[in-house]
Amino acid sequence: MAKDLRVGIVGSGVVGQATGRGFLAHGFPVTFIDTNLNTVQRLRHEGLSAYTPSERADQAPEFDVTILTVPTPTQNGEINLQYLEAAAVDLGRRFKHAAHYHVVVVRSTVVPGTTEKVVISTLEQYSGKKAGRDFGVCMNPEYLREKKSTEDFAHPWIVVIGQYDQRSGDTVAALYRDFQCPVYRLSLQEAETQKYVHNLFNAVKITFFNEFRQICEKARVSADAIFPLVAQSAEGMFNPEYGIRNFGPFDGMCLPKDTQAFLSWARAHGWDMPLLAQAIAVNNELVARQSRPAPAVRQAARDMVVAPSAAAF
């Protein structure tokens, strides 16, 4: 039965603790594992099961599902996977002694391909076992806000499970059986990519409004009066499906002409809008790549483009 699944949390920071406590609340036995002895002692003080890897060196995992929630920091502009690799090495060594099927879940945010190229290959190398036969693998991205991580885990808006195979996905889906939200099943790489698209959309949206806030301040109009109305009027705000389908570059009567007109107006005042300029440039590149003849409106939009200033890029 699903409630019989035993869960191990490797990496007991914000995400690890929210995840572990959340599954505990749903009746699953959970054990926390962390290299920080102070963290482990605090969890034990609360009456929770916790230990450091060195306390049970090379002991076979007593769990059915091990969830990796270790840090994956960005250093010098690139993801650092040393903590994830170390966790996979340790777990692979323990797998040598495991007699039962086990599912490893990557919950840390990782660039596409990491679960297969780093985690699976490392587990197979150090365990001598085979993914899909001896153990399962999933990627289960988290969408937890730091200050509301426990609440967000308890009430998720969606759950995404990237699965190596059907059996792996079924096992992880059983953990979420009682959660009141949609559960979506993807491939491993689709789940990894989805988490980045999720985060980067938020980053670009914030940057978009920050860029326009600066323009509003320079133009002496109130962004705080305008932006809430945009949230109500713009289809891209209230319609979740807007812009996500494969309809190609934006076109029509409004978007090509208005993006260029506003950018030209801002530049005429000496104000840079690099995000808007780049949006126009990317869209024009997509138009140029289309193999079919461009509709007249797209051709007109291309003809309207003003040579960008060097400062805009």
Side-chain angles (χ1 to χ4, degrees), residues 15 72-79 108-114 139 141-149 152 156-158 160 162 184 186 189-219 221-252 254-267 271-289 298 301 305-306 308-313:
V15 173
T72 52
T74 298
Q75 295 179 336
N76 299 320
E78 295 184 355
I79 190 169
S108 305
T109 300
V110 294
V111 294
T114 299
M139 199 282 162
E142 53 84 14
Y143 315 108
L144 308 178
R145 295 168 293 180
E146 185 173 352
K147 294 182 179 179
K148 296 185 177 181
S149 58
D152 287 345
W157 37 98
I158 65 167
V160 171
Y184 299 95
L186 304 175
Q189 191 156 321
E190 286 170 342
E192 292 167 330
T193 306
Q194 189 274 339
K195 174 58 190 295
Y196 272 98
V197 175
H198 165 100
N199 278 359
L200 301 187
F201 172 76
N202 288 339
V204 171
K205 182 177 179 179
I206 292 169
T207 302
F208 174 88
F209 281 101
N210 281 340
E211 181 168 281
F212 264 92
R213 184 175 293 277
Q214 293 180 64
I215 297 300
C216 288
E217 290 173 354
K218 292 173 180 177
V221 296
S222 172
D224 292 331
I226 295 169
F227 290 175
L229 302 183
V230 173
Q232 297 180 58
S233 67
E235 188 178 355
M237 297 286 276
F238 63 76
N239 178 5
E241 299 295 318
Y242 184 86
I244 69 171
R245 297 176 182 173
N246 189 18
F247 292 158
F250 60 73
D251 57 11
C254 295
L255 300 187
K257 75 178 185 66
D258 291 348
T259 50
Q260 185 61 59
F262 197 92
L263 179 61
S264 297
W265 173 82
R267 286 175 173 170
W271 304 332
D272 288 334
M273 298 191 71
L275 185 61
L276 177 58
Q278 192 61 30
I280 295 170
V282 170
N283 197 69
N284 288 339
E285 183 179 351
L286 291 173
V287 171
R289 287 181 181 179
R298 286 183 177 149
V305 174
V306 177
S309 66
F313 294 93

Are N283 and I280 close enough, and set up right, to give a side-chain contact (heavy atoms from CB on, under 4.5 Å), and what steps lead you there?
CA-CA 5 Å; N283 197 69; I280 295 170; 5.8 Å; no
F262 vs F212, ring pair (Phe, Tyr, Trp, His ring centres under 6.0 Å): CA-CA, chis, key distance, verdict:
CA-CA 11 Å; F262 197 92; F212 264 92; 5.3 Å; yes
Would you find a donor on one side and an acceptor on the other, under 3.5 Å apart, between the side chain of N239 and the backbone of E241?
yes
So for atom OH, which belongs to Y242, do other residues, nucleotides or ligands contribute more than 12 heavy atoms lying within a distance under 6.0 Å?
no
For the CZ atom of R213 and the CD1 atom of I226, what is their distance to the nearest 0.5 Å?
9.5 Å
If the plane angle is over 60° it's perpendicular, under 30° parallel, otherwise tilted; pick one for F209 and F227.
perpendicular
Which pair of non-hydrogen atoms, one from D152 and one from L144, has the smallest distance, and what is that distance?
CB-CD2, 3.7 Å
Can you tell me how far apart CD1 (I215) and CG (N210) are? Round to the nearest 0.5 Å.
12.0 Å
Would you call the rings of W265 and W271 parallel, tilted or perpendicular if under 30° counts as parallel and over 60° as perpendicular?
perpendicular
Is the count of non-hydrogen atoms from other residues, nucleotides or ligands lying under 6.0 Å from E78 atom CD greater than 12?
no
Mark yes when over 12 heavy atoms from residues, nucleotides or ligands other than Q75 sit less than 6.0 Å from its CD; otherwise mark no.
yes
Find the distance between CE (M273) and CD (Q278) and round it off to the nearest 0.5 Å.
13.5 Å
So, E192 side chain and T109 main chain: donor-acceptor pair closer than 3.5 Å or not?
no
Heavy atoms of T259 and L276 approach each other most closely as O-CD2, 3.8 Å
Would you find more than 12 non-hydrogen atoms of other residues, nucleotides or ligands less than 6.0 Å from K218 atom NZ?
yes
Rounded to the nearest 0.5 Å, what separates atom OG1 in T207 from atom CG in L275?
6.5 Å
Report yes if the side chains of F238 and Q232 come closer than 4.5 Å at any heavy-atom pair, otherwise no.
no
Would you check if P256 and F250 make a side-chain contact, meaning some heavy-atom pair closer than 4.5 Å?
yes
